[in-house]
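These notes are about the structure you will find just below.
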Amino acid sequence: MSDRTVVARDLVKTYENGRTRALDGVSLEIFSGEFVAICGPSGSGKSTLLNLIGALDRPDSGELWVAGEDLTRSHGDFAGFRARKVGFIFQLHNLIPSLTALENVLIPTLELNRRDAHARARELLERVGLADKAHRRPPELSGGERQRVAVARALVNNPELILADEPTGSLDSKTEQAVLELLRGLQSERGVTLILVTHDPRVAQSADRVIELVDGLVTAPVAF
Amino acid sequence: MAGLILKNLWRQKVRSLLAVAGISLGIATIIALGAIADGMEHNLIATLRSGKADFSIGQAHAPMIVLSSVSEARLYEIARWPEVKQAVGALVTFASFPGNPYFLTIGIEPEAFELGGVTLLEGRAFSAEDEVLLWKIAASTLGIKPGDAIEIDLKKFRVVGVYETGNLLEDGGALLPLRALQKLKSRPSELTVILVRVNEGVSVEEAMARVEREYAGSLITLRSAEEFNKNYQSLSLVRAGSWLISLLALVIGGIGVMNTMIMSVFERTREIGILRAVGWRRGRVLQMILGESLSLGALAACVGTLIGWGAARAVTLLPQVRGLISPVYAPDLFAQAVVIALGVGLLGGLYPAYRAAKISPQEALRYE
Ligand SMILES: Nc1ncnc2c1ncn2[C@@H]1O[C@H](COP(=O)(O)OP(=O)(O)OP(=O)(O)O)[C@@H](O)[C@H]1O
Ligand SMILES: [Mg+2]
């Protein structure tokens, strides 16, 4: 059990009072330190699945354990879980425009000026190659640089898993490659589990495993 | 968090400033009106606590002390009462002086100086009807010394001395012989106030009660601030006005802040979704939005206080009221303004903060 970061059984998630079945009984297991790509056509439920794993939303039914936490329990806000256990990277507009790169990285630490958090944030910014741009605001950064800041932010609390929803979807292929390499590098360095939603088969090929969704269901586990 | 709050407000400078301006105007009005009302009250207290008098008598239902009118006959009647040691009358009115058409001028006999708390600093008391004493500040402002001539209501007077009061109408400008002022103003046998000192062993309360009894409905006795608060309606009107404006400021300012903050929360839906996604609790989002609206209120408290202070000063520099009203800036007044401004910020921010805290991160992140 301890080496499984995500355990899902028959996850169902519907929207608009059941009229949209985004997930129609998904079961899967993801192991600690694994890099899993989630593929599938638009509207197949990829983001929905990622949001459930990241406790941004709750399933209608089924079982879901992530990083040792039961995400189907009905009480309480999962904000603390999200801060400690997961790091999110979205496709666009990940950052708060009024805050500098460094301050954006610090948001999940819930402190904008604590010493040790500061040290960690600076170290991560250096690791993603933005040490000299720590005090720039998002509008003064390129698309690739913004995603690097988002990568640094996702790691600042040393989470168990990173959830990335088409993190390079808005970048040109060269920048995309660089950001992905960075993400992969950090993932293997730190032994974090990485779950990445992508449309790009080449990106998917670099993953340890691909999970394909169609109409809210996992098709067949394909191993590379 | 504080830094983030200020940055968020700074991002929408114009909108934040408009919200601040709305509350500031209300706060400025509260400060200006309040300072003027306090100033009026202070003047009245000064009159009432004048010199060695135990109490004063004025006209019942007069809207303001300078509008009180008491017949001199009452003075002679009361002066004969066994419990009264001394009773003197004074006529308080406005006269035109060089450069000030509404100078506070008091007609009083030299015998009444002690009861009225008048102290001669220079020169002598008047002995003829064309002689006048100037208040020391008025004398130095006008640059007039004993021996100089001065025109009051187009009539020539000679300045024979300079005085200071313990507190009888502190900001009054000049003392004239009672008869001279009555003539000048064509108000023969008319007084504004009677100052009374009672004999030893006589209770002041009983003497006051006798006046109220015998002249019920026409005269009132005054000794304390609470009494004229009850009796002088203009003051209570200013006070009521000030409270009404406070209330309006609260409502209008509150709506302004609410509008500003709802717009701002709406525009930042995705940002708030991100904050929630990376681990901010609802309470933290709530705090951030309330912090923003409270900051707007705090800024408005500062700006409004400055504007109100300036406005009250500007009013007192008008020639028509110079010497009549000097604003008093009591700490209570500032406390009231700060509490109202913060209250407006808090009330205006509650609903937007609640909305922000309710934002679902999942839905906010679908929103581009
Ligand atoms: N909050 C919501 N309200 C209503 N419908 C929703 C909501 N979230 C998702 N859906 C619907 O659920 C289905 C799955 O959506 P999801 O976003 O998971 O798809 P996806 O695989 O991520 O698609 P894409 O590749 O376009 O991002 C879609 O039909 C979508 O419209
Ligand atoms: Mg999606």
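Just so it is clear: chains get the letters A, B, ... in the order the sequence lines come, proteins before strands, and each one is counted from 1.
Looking at heavy atoms from C-beta onward, A:Val203 lies in side-chain contact with A:Glu176 at the 4.5 angstrom threshold.
The aromatic rings of B:Tyr329 and B:Phe334 lie parallel to each other, with less than 30° between the two planes, well short of the 60° mark. Below 30°, between 30° and 60°, or above 60°: for A:Phe81 and A:Phe78 the angle between ring planes is above 60°, a perpendicular geometry.
Partners of B:Arg276 according to the salt bridge (Lys or Arg N to Asp or Glu O under 4.0 Å) rule, which considers only residues two or more places apart in sequence or in another chain, are A:Asp77. Legend: residues meeting side-chain contact (heavy atoms from CB on, under 4.5 Å) with A:Arg136, ordered by chain and number and at least two apart, are A:Lys133, A:Glu140, A:Leu141.
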Subject >> Working for side chain to side chain donor-acceptor pair (under 3.5 Å), residues A:Gln147 and A:Asn94 >> reply: CA-CA 8 Å; A:Gln147 292 310 76; A:Asn94 269 297; 3.2 Å; yes
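In this structure, a donor-acceptor pair under 3.5 Å is absent between the side chains of A:Arg146 and A:Ser142.
Proximity to chain B (any heavy atom under 4.5 Å) is shown, for A:Arg84, by neither the backbone nor the side chain. For chain A, the nearby parts of B:Arg281 are the backbone and the side chain; heavy atoms of each come within less than 4.5 Å. For A:Tyr15, the part lying near chain B is the side chain, with the backbone staying farther off; criterion is any non-hydrogen pair under 4.5 Å. Heavy-atom distances place both the backbone and the side chain of B:Arg282 under 4.5 Å from chain A. Looking at A:Arg58, there are no atoms closer than 4.5 Å to chain B (heavy atoms on both sides), in backbone or side chain.
Between A:Asp24 and A:Arg21, at least one side-chain nitrogen of the basic residue sits less than 4.0 Å from a carboxylate oxygen of the acidic one, meeting the salt-bridge criterion. Checked for salt-bridge contact, B:Lys7 and A:Glu103 meet the test: a charged N lies under 4.0 Å from a carboxylate O.
A donor-acceptor contact shorter than 3.5 Å is absent between the side chain of A:Asn157 and the backbone of A:Pro159.
Under a cut-off of 6.0 angstrom, the local environment of CZ in B:Arg355 is sparse, with at most 12 non-hydrogen atoms contributed by other residues, nucleotides or ligands. The 12-atom threshold is not exceeded at CZ of B:Phe266, counting heavy atoms of other residues, nucleotides or ligands nearer than 6.0 Å.
Between chain B and the residues A:Ala83, A:Ser98, A:Gly87, the largest count of heavy-atom pairs under 4.5 Å involves A:Ser98.
Within residues 42-57 of chain A, the residues approaching chain B closer than 4.5 Å by heavy atoms are, in numerical order, A:Asn51, A:Leu56, A:Asp57. Using a 4.5 Å heavy-atom cut-off against chain B, no residue of residues 120-127 of chain A qualifies as contacting.
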